[in-house]
Amino acid sequence: MAHANTIETMLARQDISDCIMRYARGIDRGDEALLLSCYWEDAIEVHGPAYNGPAVPYLKEAAGRMRQNQPVMQHFIGNVHIEFDGSDTAFVETYILTFARFPKDGEELDTLTGARAFDRFERREGEWRIAHRRAVFDWNRDAPASETWCLGAFDTTHPDMVMGRKAPDDLTYQRG
C-alpha cells in the first residue's frame with residue numbers, strides 16, 4: 001500500500017535505511033555492538049535452517065565467529081522497500097547480495113548468495129530497530145577461490161595496500 005511521504009515518514013525511512021546499513025557493516029566487520037544496535041532485545045531471527053530464535057544470541061555468536069575465523073565477507077544492500085503499518089511499525093524487504101570465502105576440505109571456496117531480509121521494524125521511544133527478521137534465499141553460486149588481484153595489478157605486500165580486517169582493526173574504525 002502506498003504511503004504519502006511526510007517529513008516524519010521520510011525521516012523514518014532514513015532511520016530504517018541507516019539501521020540496515022549498520023547491520024551490513026556490523027556483520028562484515030564482526031562488530032557485536034553495531035549488530036546489537038540494529039535489533040530490539042526481544043527480537044527474533046529466522047535465518048533459514050541455520051537459526052530460528054532470539055536474535056541477540058545469534059548476533060553475538062555471529063560476531064564472535066566473524067572475529068575469530070576472519071572470513072572474507074561483504075553484504076551489499078540493494079532494493080529496500082518500506083511499508084508503514086501505522087506510525088510505529090514498518091514491514092521492510094531488503095535485497096542483499098552476500099560474498100563470502102570459506103574453507104572446505106582444505107580448499108578456499110567463494111560463495112555468492114542473492115537473498116532478501118523481510119523485517120518487521122518497530123519504533124520504540126523514537127528509535128527504529130528490527131523486531132523480527134526472516135531471511136529469504138533466492139539463489140547461490142559457489143566456486144573455487146581465484147584471487148589474482150586484478151591480474152597482478154595490485155601487490156598485496158605493498159605498504160600502501162590496505163586489506164580489510166575485522167573490528168576494531170579495520171581502517172573504518174580509525175580516525176585521523
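The figures here come from the full heavy-atom set of this structure, side chains too, leaving out hydrogens, waters and symmetry mates. Index from 1, following the sequence.
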Participant: The criterion is salt bridge (Lys or Arg N to Asp or Glu O under 4.0 Å); which residues satisfy it with Arg134, sequence neighbours excluded?
Facilitator: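 Applying salt bridge (Lys or Arg N to Asp or Glu O under 4.0 Å) to Arg134 gives none.
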Participant: Are Phe84 and Val92 linked, directly or through other ILVMFWY residues, by side chains that come within less than 4.5 angstrom of each other?
Facilitator: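 In one cluster with Phe84: Val92, yes.
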Participant: Taking side chain to side chain contact (heavy atoms under 4.5 Å, CB included) as the test, write out the residues that go with Glu41, two or more places apart.
Facilitator: Val56
Participant: Around Met10, counting heavy atoms of other residues, nucleotides and ligands shown, do more than 12 lie under 6.0 Å from its CE?
Facilitator: no
Participant: So with a 6.0 Å cut-off around CZ of Phe99, is the heavy-atom count from everything else above 12?
Facilitator: yes
Participant: Walk me through it: do Ile130 and Arg133 pass the test side-chain contact (heavy atoms from CB on, under 4.5 Å)?
Facilitator: CA-CA 7 Å; Ile130 299 165; Arg133 169 168 280 186; 3.6 Å; yes
Participant: About how many Å separate CZ of Phe121 and CD of Glu127, when rounded to the nearest 0.5 Å?
Facilitator: 11.0 Å
Participant: May I ask whether Leu59 and Phe118 are part of the same hydrophobic cluster, defined by side-chain heavy atoms of I, L, V, M, F, W, Y residues being less than 4.5 angstrom apart, directly or through others?
Facilitator: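 No, Leu59 does not connect to Phe118 through the hydrophobic network.
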Participant: I'd like to know if the side chain of Ser37 reaches the main chain of Leu34, judged simply by a donor and an acceptor atom lying under 3.5 Å from each other, with no hydrogens or angles considered.
Facilitator: yes
Participant: Other than Val46, what residues sit in its cluster of Ile, Leu, Val, Met, Phe, Trp and Tyr side chains whose heavy atoms are under 4.5 Å apart, directly or through others?
Facilitator: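 In the cluster with Val46 are Ile44.
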Participant: Side chains of Trp128 and Glu122: closer than 4.5 Å at any heavy-atom pair?
Facilitator: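 Contact flag for Trp128/Glu122 side chains = no.
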Participant: Residues in side chain to side chain donor-acceptor pair (under 3.5 Å) with Arg67, at least two apart?
Facilitator: none
Participant: Could you tell me whether the side chain of Ile77 reaches within less than 4.5 Å of the side chain of Ile96, counting heavy atoms only?
Facilitator: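 Side chain of Ile96 against side chain of Ile77, heavy atoms only: contact under 4.5 Å found.
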Participant: May I ask whether Ile20 and Phe76 are part of the same hydrophobic cluster, defined by side-chain heavy atoms of I, L, V, M, F, W, Y residues being less than 4.5 angstrom apart, directly or through others?
Facilitator: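 No, Ile20 and Phe76 fall in different hydrophobic clusters.
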Participant: For the residue pair Asp31 and Tyr173, confirm or rule out a side-chain donor-acceptor distance under 3.5 Å.
Facilitator: yes
Participant: Please round to the nearest 0.5 Å and tell me the distance separating atom CG of Asp119 and atom SG of Cys19.
Facilitator: 8.0 Å
Participant: Looking at Leu171, I'd like to know if its CG atom is crowded, meaning that more than 12 non-hydrogen atoms belonging to other residues, nucleotides or ligands lie closer than 6.0 Å.
Facilitator: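 It does: Leu171 CG has more than 12 such atoms within range.
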Participant: Below 4.5 Å, heavy atoms only, C-beta onward: do Leu109 and Glu107 meet side chain to side chain?
Facilitator: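 Contact flag for Leu109/Glu107 side chains = yes.
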Participant: Would you mind listing every ring-ring contact (aromatic ring centres under 6.0 Å, His included) that reaches into residues 16-49, with sequence neighbours excluded?
Facilitator: His47-Tyr58, His47-Phe137
Participant: If you look at every heavy atom in Leu35 and Ile27, which pair is closest and at what distance?
Facilitator: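 That closest heavy-atom pairing would be CD2-N, 3.5 Å.
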Participant: Does anything in residues 53-65 pair up under salt bridge (Lys or Arg N to Asp or Glu O under 4.0 Å), and if so which pairs, sequence neighbours excluded?
Facilitator: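 Output for this query lists Glu61-Arg65.
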Participant: Using the salt bridge (Lys or Arg N to Asp or Glu O under 4.0 Å) criterion, which residues pair with Arg123? Sequence neighbours excluded.
Facilitator: Glu8, Asp88
Participant: Does Thr111 have any side chain to side chain contact (heavy atoms under 4.5 Å, CB included) partners at least two apart in sequence or in another chain, and if so, which?
Facilitator: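 Residues passing side chain to side chain contact (heavy atoms under 4.5 Å, CB included) with Thr111: Ala100, Phe102, Thr113, Asn140, Asp142.
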Participant: Using a 3.5 Å distance criterion without hydrogens, assess whether the side chain of Asp28 forms a donor-acceptor pair with backbone atoms of His75.
Facilitator: yes
Participant: With rounding to the nearest 0.5 angstrom, report the CG to CD distance, Asp110 to Glu108.
Facilitator: 8.0 Å
Participant: Considering residues at least two apart in sequence or located in another chain, which fulfil the salt bridge (Lys or Arg N to Asp or Glu O under 4.0 Å) criterion with Asp18?
Facilitator: none
Participant: Applying salt bridge (Lys or Arg N to Asp or Glu O under 4.0 Å), name anything that partners Asp42, two or more places apart in sequence or on another chain.
Facilitator: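 So Asp42 forms a salt bridge (Lys or Arg N to Asp or Glu O under 4.0 Å) with Arg124.
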Participant: Quick one: side chain to side chain donor-acceptor pair (under 3.5 Å) partners of Glu93, sequence neighbours excluded?
Facilitator: Arg116
Participant: Out of Arg101, Arg29, Met66, which one pairs with Met73 under the side chain to side chain contact (heavy atoms under 4.5 Å, CB included) rule?
Facilitator: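 The option that passes is Met66.
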Participant: Between Thr89 and Arg120, do the side chains contain a donor N or O and an acceptor N or O under 3.5 Å apart?
Facilitator: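 Their side chains do not contain a donor-acceptor pair, so the 3.5 Å distance test is not met.
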Participant: How long is the span from the CE atom in Met21 to the OG1 atom in Thr94, to the nearest 0.5 Å?
Facilitator: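 It comes to 8.5 Å.
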Participant: What residues, two or more places apart in sequence or in another chain, satisfy side chain to side chain donor-acceptor pair (under 3.5 Å) together with Asp160?
Facilitator: none
Participant: Carefully, step by step, assess Tyr95 and Val136 under the rule side-chain contact (heavy atoms from CB on, under 4.5 Å).
Facilitator: CA-CA 9 Å; Tyr95 283 66; Val136 178; over 6 Å; no
